[in-house]
Amino acid sequence: MAERSLRGMKLGAHSLETDVGVAFADRREEKYECKDGHTFHITFAEDAEAPQFWECKCGMEAELVRGGGVDDSKPAKPQRTHWDMLLERRNLDELQVLLDERLELLRAGKLHKRRH
């Protein structure tokens, strides 16, 4: 068992790969600032467009300080309710038929309460 172990090697702590022959992409830093006064930098590729807004660590929306970013904010969708989703699958006439069938079964005593 002892013959198979790697002595003097920290597994997972150090990479055995080198950076020789690796060409890194050109990078630039963009500065963002939120309304609470937090300022931070995000690194982007040189050819990437920086978004106009970025989420700050405090949860607020931070704005690009230098400008020139892309406004990627989308209009908020209205929240769909269960009723809206039900109406996507069935029309009111079908729902009335289903309701009548269930009420008939309930009145006939064929539906039982669930016991947990």
Side-chain angles (χ1 to χ4, degrees):
M1 178 85 172
E3 295 86 28
R4 296 185 199 167
S5 64
L6 294 173
R7 294 182 176 235
M9 181 66 185
K10 297 179 185 177
L11 294 178
H14 301 286
S15 173
L16 298 177
E17 296 181 10
T18 63
D19 293 338
V20 176
V22 176
F24 293 106
D26 294 330
R27 297 177 283 176
R28 73 174 194 287
E29 283 192 351
E30 296 290 351
K31 182 178 176 182
Y32 287 87
E33 187 172 322
C34 78
K35 293 180 182 175
D36 282 347
H38 300 130
T39 303
F40 56 94
H41 298 277
I42 304 291
T43 304
F44 293 98
E46 188 65 40
D47 58 346
E49 294 182 14
Q52 185 67 32
F53 299 100
W54 195 275
E55 186 176 349
C56 181
K57 63 182 177 184
C58 67
M60 295 188 68
E61 198 171 63
E63 189 170 0
L64 184 62
V65 173
R66 289 198 301 144
V70 178
D71 187 11
D72 59 351
S73 60
K74 298 179 184 176
K77 287 184 175 179
Q79 187 172 2
R80 293 188 325 170
T81 63
H82 293 290
W83 181 249
D84 294 332
M85 290 185 267
L86 183 63
L87 288 178
E88 289 176 4
R89 296 188 306 269
R90 311 237 184 209
N91 61 33
L92 289 176
D93 294 332
E94 292 173 333
L95 290 173
Q96 186 62 46
V97 169
L98 288 173
L99 177 63
D100 293 338
E101 289 175 2
R102 299 302 285 186
L103 286 174
E104 184 179 322
L105 289 172
L106 183 64
R107 290 180 182 135
K110 295 182 179 178
L111 291 181
H112 302 286
K113 290 184 179 178
R114 290 184 182 175
R115 294 184 186 184
H116 297 288

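For the salt bridge (charged side-chain N to carboxylate O under 4.0 Å, His left out) condition, no pair includes a residue of residues 32-47, sequence neighbours left out. Listed by first then second residue, pairs satisfying side-chain hydrogen bond (donor to acceptor under 3.5 Å, both in side chains) with a partner in residues 75-84 read Arg80-Glu88, Thr81-Asp84, not counting sequence neighbours.
Between Cys56 and Phe40, some side-chain heavy-atom pair lies under the 4.5 Å cut-off.
Using a 4.0 Å cut-off between charged side-chain N and carboxylate O, Arg28 and Glu30 make a salt bridge.
A single hydrophobic cluster is seen to contain both Leu64 and Ile42, as judged by linkage of ILVMFWY side chains at heavy-atom distances under 4.5 Å, directly or through other members.
Within the hydrophobic cluster formed by Ile, Leu, Val, Met, Phe, Trp and Tyr side chains joined at under 4.5 Å, directly or through other members, Val22 is accompanied by Phe24.
Rounded to the nearest 0.5 Å, atoms OH (Tyr32) and NE2 (His41) are 12.0 Å apart.
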Pair up each side-chain donor or acceptor in residues 96-108 with any protein partner under 3.5 Å, not counting sequence neighbours, and list the distances.
unit_1, atom_1, unit_2, atom_2, d
Gln96, NE2, Asp100, OD1, 3.1

